[in-house]
Amino acid sequence: MARAAQPLATAQAPAFFRYRVGDLQATAINDGVYVRPSEGLVPNAPPGGLQQALADRFLPTDKVTISFTTLVVNTGSKLVLLDTGNGDLAAPTSGTWLANFRAAGFDPANVDAVVISHFHGDHINGLRMKDGTARFPRAEIMVPAVEWAFWTDDAKMAQAPAGLKGTFDNTRRVFGPVANDVTRYEWGKEILPGITAVDAHGHTPGHTAFAITSGTGRLLAMSDTTNDPNIFARNPEWSAVFDQDGPEAIKARRRMLDLAVAERMQVSFYHAPFPATGFIAREGNGYALVPVTWRPEV
Ligand SMILES: [Zn+2]
C-alpha cells in the first residue's frame with residue numbers, strides 16, 4: 001500500500017497570541033524574522049562568546065534569527081498598537097504583519113493610536129508603505145519626544161556617521177507627510193489609559209519601554225531593551241551592533257530587567273522568539289526569559 005500523498009507543509013499557523021493584562025487584552029502580532037550572520041552582531045563579546053551562547057541555547061552558531069513582534073493593546077476604549085513592523089521594506093522572511101493582524105480579527109482602519117518606541121525601520125516602516133500610503137488612516141501617531149527631537153534635527157543629520165544616515169532619512173520618509181499631526185509624548189507619563197512611557201534610552205536616544213497596568217495586571221513592554229533575550233538578557237553587558245550608545249543601553253537593560261525580576265512582572269520584547277512574552281529570572285550574572293505557558297483560553 002502506498003504512503004499517503006500529503007505533502008510536507010511549508011508554513012506555521014498565523015502568528016498571533018492573546019493574553020490578558022488585568023482588564024486589558026494584549027495581542028502579540030508577529031512580523032516574521034530576519035536571519036543574519038552571527039559574525040559582527042556583538043562587537044564587545046569575547047572571542048567565541050556569542051557562538052558559545054548560541055550553542056548553549058541549542059541554536060545554530062553561524063547565524064542569528066531575529067524575530068519581530070508588535071503588540072496590540074485593546075484598552076476597552078481604544079485599540080492601540082505598539083510599533084508597526086517592517087511594512088513592505090524588509091527581507092522577504094518578514095513583512096507578514098498585516099496577514100497576522102487580520103487573522104487575529106483586526107483591521108488597520110480600526111486602530112485608534114499607534115505608539116512608537118523608537119525610530120529604527122523595523123519599528124516604524126509599517127506606518128507608511130514604500131509607495132507612500134499610510135497604513136493607519138484614523139490613528140493618532142504617538143512618538144517619544146526625545147526620539148523625535150534627535151532624528152528630526154537637521155544639524156545632527158548633517159554630522160551623523162554614515163551608519164546613522166539611513167535612520168535620519170527614513171524618519172523624514174515616514175513622518176514627513178504627517179509631521180504636524182504627530183503627538184510627542186514624555187517619559188514618566190501615562191500616555192494612554194493604562195500605558196505609561198518609561199525612559200529606556202541607549203539603544204537610541206529616545207528609546208522607550210512601556211509599563212502597562214490594569215488592576216493587578218501588569219506588563220513591562222521592553223521594546224529593544226534587549227535584542228533576542230536568549231543572547232542579551234543572559235549576557236546583559238553585551239552590546240548589539242544596533243545599540244547606538246552601548247553603555248547607556250546596558251544601564252537601561254540592567255534597570256529594566258532588575259525591575260521585572262523584583263516585581264515579578266510579565267514582560268514582552270520586540271525581538272524575543274514569538275510570542276515574545278514571559279517572565280524574567282536571574283541566571284548566572286545575567287537573566288533568562290521564562291516563556292509563558294500556552295493556554296487555549298484568553
Ligand atoms: Zn528593533
Side-chain angles (χ1 to χ4, degrees), residues 15 28-38 40-43 50 63-72 81-91 93-97 100-101 114-128 135 141-144 146-148 150-151 163-171 173-175 197-210 220-233 235-236 238-246 248-250 252-253 256-257 267-277 289:
I29 308 278
N30 180 256
D31 189 39
V33 299
Y34 169 59
V35 183
R36 56 154 286 150
S38 54
L41 178 67
V42 192
L50 175 58
K63 59 186 182 216
V64 175
T65 297
I66 295 174
S67 56
F68 309 99
T69 297
T70 73
L71 200 63
V72 175
L81 175 63
L82 302 186
D83 289 338
T84 68
N86 294 276
D88 55 0
L89 275 158
T93 49
S94 67
T96 49
W97 183 86
N100 288 328
F101 184 72
V114 178
V115 180
I116 297 295
S117 67
H118 66 294
F119 286 5
H120 285 165
D122 53 325
H123 298 254
I124 64 172
N125 281 341
L127 279 171
R128 188 173 304 285
R135 187 176 258 170
I141 310 297
M142 305 179 71
V143 305
V146 175
E147 189 78 348
W148 179 269
F150 182 84
W151 295 108
L164 296 183
K165 290 272 190 210
T167 303
F168 280 102
D169 287 338
N170 196 46
T171 295
R173 181 192 76 82
V174 170
F175 296 111
V198 179
D199 173 359
H201 76 276
H203 177 65
T204 64
H207 178 256
T208 301
F210 305 97
L220 196 53
M222 300 279 220
S223 309
D224 285 15
T225 296
T226 79
N227 197 278
D228 185 345
N230 281 319
I231 302 170
F232 296 97
N235 299 281
W238 288 4
S239 291
V241 67
F242 322 112
D243 288 345
Q244 196 171 329
D245 183 331
E248 285 299 301
I250 290 167
R253 186 145 56 243
M256 304 291 293
L257 291 166
V267 297
S268 68
F269 293 92
Y270 196 75
H271 295 298
F274 191 74
T277 183
L289 173 64

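In each ligand, atom 1 is the first atom listed, and ligand 1 is the first ligand listed.
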N/O/S atom name from [X] that is nearest to the position of the Zn ion (ligand 1):
| X | result |
| --- | --- |
| His271 | NE2 |
| Asp224 | OD2 |
| Asp122 | OD2 |
| His123 | NE2 |

Note to self: Between Asn30 and Asn100, do the side chains contain a donor N or O and an acceptor N or O under 3.5 Å apart?
What the structure shows: no
Check: Any side-chain donor-acceptor pair under 3.5 Å between His120 and Asp122?
Finding: no
Margin query: I'd like to know whether the aromatic ring centres of Phe168 and Phe119 sit less than 6.0 Å apart in this structure.
Written below: no
Note to self: Does the plane of the ring in His118 sit parallel, tilted or perpendicular to the ring in His123? Use 30° and 60° as the thresholds.
What the structure shows: tilted
